[in-house]
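Just the heavy atoms: all of them, side chains too, but no hydrogens, waters or symmetry mates, feed the values below.
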Amino acid sequence: MRPIRQEDFIQSIADAFQFISYYHPLDYVKALGAAYEREQSPAARDAIAQILTNSRMSAEGRRPICQDTGIATVFLKIGMHTRWDDATMTVSEMVNAGVRLAYGDPDNPLRASVLADPSGERRNTKDNTPAVIHTELVAGHEVDVICAAKGGGSEAKAKLGMLNPSDSVVEWILKTVPTMGAGWCPPGILGIGIGGTPEKAMLLAKESLMAPVDMAELLERGPQTPIEALRAELYEKVNALGIGAQGLGGITTVVDVKIMDYPTHAANLPVALIPNCAATRHVHFHLDGSGPALLQPPSLDEWPKVNWTPDTKASERVDLDTLTPEQVAAWSPGQTLLLNGKLLTGRDAAHRRIQTLLAAGQPLPVDFSNRVIYYVGPVDPVREEAVGPAGPTTATRMDKFTEMMLSKTGLLAMVGKAERGPEAISAIKAHRSAYLMAVGGAAYLVSKAIRSARVVGFEDLGMEAIYEFEVSDMPVTVAVDANGVSVHETGPREWKVRIEGMRRSA
């Protein structure tokens with residue numbers, strides 16, 4: 001029985017969060033590769049190609065898969081007879097020391113996204129601590145650890161249903177998934193917790209996402225338990241909804257469905273649903289006192305041979321520096337564009353501050369007239385980078401500011417990820433504007449289109465400051481046109497019908 005050194009535990013946590021920032025789990029990569037081969041929707045296939053290309057680039061460059069490097073989540077199973085060698089910290093303090101070390105690594109700094117005082121000033125803790133830690137005491141004298149980095153976009157789509165015992169879990173899931181939109185960046189994995197109490201169901205759903213992707217194997221051999229049968233049923237029926245990659249409509253919305261259950265009260269049927277996005281990130285390791293965890297990098301030979309490049313023939317090149325309202329109004333739904341020139345950025349905190357300044361009649365730090373804004377909070381650059389990974393954030397969070405930005409600042413168009421809600425679409429239509437979608441889960445790939453970056457407003461907001469990017473052939477899709485037509489509504493509707501037709505003719 002060897003004691004576990006505090007230093008080894010901290011270093012293992014730090015190594016794990018660095019590791020998962022740039023290495024997708026190989027089982028997910030292979031499942032996504034298979035989905036790419038099956039996909040028949042051109043828009044969805046293009047999105048998956050970007051995600052796979054981004055995944056390989058991140059593994060090669062050891063830079064984050066996604067600009068949202070997540071909130072650190074740690075599952076610990078600690079043997080009741082575990083001995084610690086000269087530990088001066090609690091287990092939680094050790095975990096947070098490891099997270100702090102990982103997120104501040106100068107070779108690959110990760111974005112600090114954790115805010116203290118969440119209902120008040122929302123102050124950034126600057127180092128992504130504290131982690132969310134789930135600890136269980138088990139038999140033995142060793143420590144089992146799972147580290148996961150969960151992005152805010154997928155966490156925002158978590159759902160809890162307190163069903164009646166006679167209700168159908170399948171019906172609730174199929175009713176709930178479409179309400180989640182595309183902000184969780186499909187294709188991904190659904191984690192489902194059934195039973196226990198409300199908080200237990202949520203924990204089961206989160207923990208279920210840590211299991212390997214094995215749906216292909218399950219379907220090949222056939223379900224052998226009721227839970228496996230439920231997984232297979234939901235996998236088929238969720239994909240039949242036609243939501244598809246990035247919500248654009250297509251064959252694959254999920255590559256797997258995970259379920260954990262627990263006994264519950266006779267009067268209750270709690271069901272929790274938590275998605276894992278295209279930036280699925282987790283790793284499992286074991287400490288027995290022999291030293292820090294050794295995390296084996298996956299072989300790049302295992303990645304699908306997919307190499308996305310901008311299609312300069314099928315896409316329209318747009319000069320942002322000379323863009324006019326007439327050009328914006330002429331774009332059509334689903335059209336692919338390559339953006340060139342100067343692009344402003346701004347997300348939640350910047351929009352709130354703009355709102356305050358406008359209400360007070362004070363000047364803005366930058367002129368938005370005839371400009372395009374990109375909803376993004378980038379990772380800090382290293383070495384020769386203009387900016388670190390800089391993928392889009394969920395656009396619906398800016399819906400309540402859209403009318404203000406279009407009517408009072410002269411803004412022409414917006415870039416983000418996922419769908420827009422009715423409020424934003426109404427404003428876009430009224431002002432003959434447009435919303436452009438970049439692929440969530442392709443942050444490192446997108447950053448390669450950014451040639452320069454400088455802060456032009458609200459520098460104190462850190463990653464939420466207003467930047468001006470100089471971009472070259474940045475790929476986007478017209479997701480809402482000047483007439484208010486949304487591809488996130490038309491695409492899934494079309495592909496749901498197509499999939500139904502395929503199933504009838506099979």
Side-chain angles (χ1 to χ4, degrees), residues 41 43-44 46-48 50-51 54 65-68 70 113 150-159 176-190 238 241-250 252-254 273-280 333-334 336-337 345-348 351 372-377 389-402 405 413-428 433-443 445-446 474-481 484-493 495:
S41 162
D46 182 79
I48 296 173
Q50 289 193 45
I51 295 167
N54 179 81
I65 294 165
C66 182
Q67 81 288 338
D68 184 348
S113 304
K150 282 294 266 104
S154 62
E155 290 293 81
K157 303 303 180 178
K159 305 291 182 181
T176 301
V177 169
T179 71
M180 291 160 48
W184 60 282
C185 286
I189 303 161
L190 293 184
V238 168
L241 294 172
I243 295 167
Q246 301 294 298
L248 295 170
T252 301
T253 302
V254 293
L273 174 61
I274 301 178
N276 234 1
C277 62
T280 289
T336 56
L337 310 175
T345 78
R347 44 177 284 164
D348 310 66
H351 280 78
V372 176
I373 194 169
Y374 181 29
Y375 302 145
V376 63
T393 196
T394 306
T396 48
R397 299 202 311 274
M398 270 54 74
D399 281 5
K400 62 184 178 182
F401 302 110
T402 302
M405 294 297 293
M414 302 144 283
V415 183
K417 77 170 184 182
E419 74 283 350
R420 302 308 296 263
E423 180 181 13
I425 292 175
S426 177
I428 290 167
S433 178
Y435 165 61
L436 313 175
M437 189 210 81
V439 172
L445 174 67
V446 170
M474 176 179 165
V476 296
T477 298
V478 179
V480 181
D481 75 344
V485 178
S486 170
V487 298
H488 287 100
E489 295 175 358
T490 60
R493 185 165 60 237
W495 278 92

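- Note that CZ of R493 and OG of S486 are 9.0 Å apart. Values are rounded to the nearest 0.5 Å.
- In this structure, A479 and M437 approach most closely via the heavy-atom pair CB-CB, 3.8 Å.
- Shown here for G391 and V376, the closest heavy-atom pair between the two residues is O-CG2, 3.2 Å.
- V478 places none of its side-chain heavy atoms less than 4.5 Å from the side chain of V487.
- Both tests pass for R420 against the ring of Y435: distance under 6.0 Å to the centre and angle within 45° of the axis.
- Residues Y374 and V446 have side chains in contact (heavy-atom distance under 4.5 Å, counting atoms from C-beta outward).
- Taking all atoms of both residues into account, the shortest heavy-atom contact from I373 to T345 is CG1-C, 3.8 Å.
- Side chain of D399 to backbone of A424: no donor-acceptor contact under 3.5 angstrom is found.
- Across every non-hydrogen atom of M398 and D348, the tightest pair is SD-N, 3.7 Å.
- Looking at K417 and V439, their side chains never come closer than 4.5 Å, going by heavy atoms from C-beta outward.
- Here the rule is side-chain contact (heavy atoms from CB on, under 4.5 Å) with C277, and of C185, C66, P187 only C185 fits it.
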Hey, mind stepping through V476 and T336 against side-chain contact (heavy atoms from CB on, under 4.5 Å) and telling me if it holds? CA-CA 6 Å; V476 296; T336 56; over 6 Å; no
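- Judged purely by distance below 3.5 Å, without hydrogens or angles, the side chains of Q50 and N54 never pair a donor atom with an acceptor atom.
- Residues T253 and L241 are not in side-chain contact: their nearest non-hydrogen atoms beyond the backbone lie 4.5 Å or more apart.
- The CG atom of L248 lies 10.0 Å from the CD1 atom of I48; values are rounded to the nearest 0.5 Å.
- Between S41 and G249 the shortest heavy-atom distance is OG-O, 2.9 Å.
- Between H351 and Y375, the two ring planes are perpendicular [angle over 60°; tilted spans 30° to 60°].
- V480 is not listed as a side-chain neighbour of M414, based on a closest heavy-atom distance of 4.5 Å or more.
- Side-chain atoms of N276 do not come within 3.5 Å of backbone N or O of T280 as any donor-acceptor pair.
- Considering CD of Q246 and OG1 of T477, their distance stands at 9.5 Å, rounded to 0.5 Å.
- In this structure, T394 and G183 approach most closely via the heavy-atom pair OG1-O, 3.6 Å.
- With hydrogens and angles ignored, the 3.5 Å screen pairs no side-chain donor or acceptor of S426 with any backbone N or O of E423.
- Remark: K159 NZ is packed, more than 12 non-hydrogen atoms of other residues, nucleotides or ligands lying under 6.0 Å away.
- Note that the CD1 atom of I243 and the CH2 atom of W184 stand 7.0 Å from one another [nearest 0.5 Å].
- For the atom pair OG1 of T179 and CG of L273, the computed distance is 8.5 Å after rounding to the nearest 0.5 Å.
- Put simply, OG1 on T402 and CD1 on I425 are 10.0 Å apart, with the number rounded to the nearest 0.5 Å.
- The main-chain N or O of G152 is found under 3.5 Å from a side-chain atom of D68 such that the two form a donor-acceptor pair.
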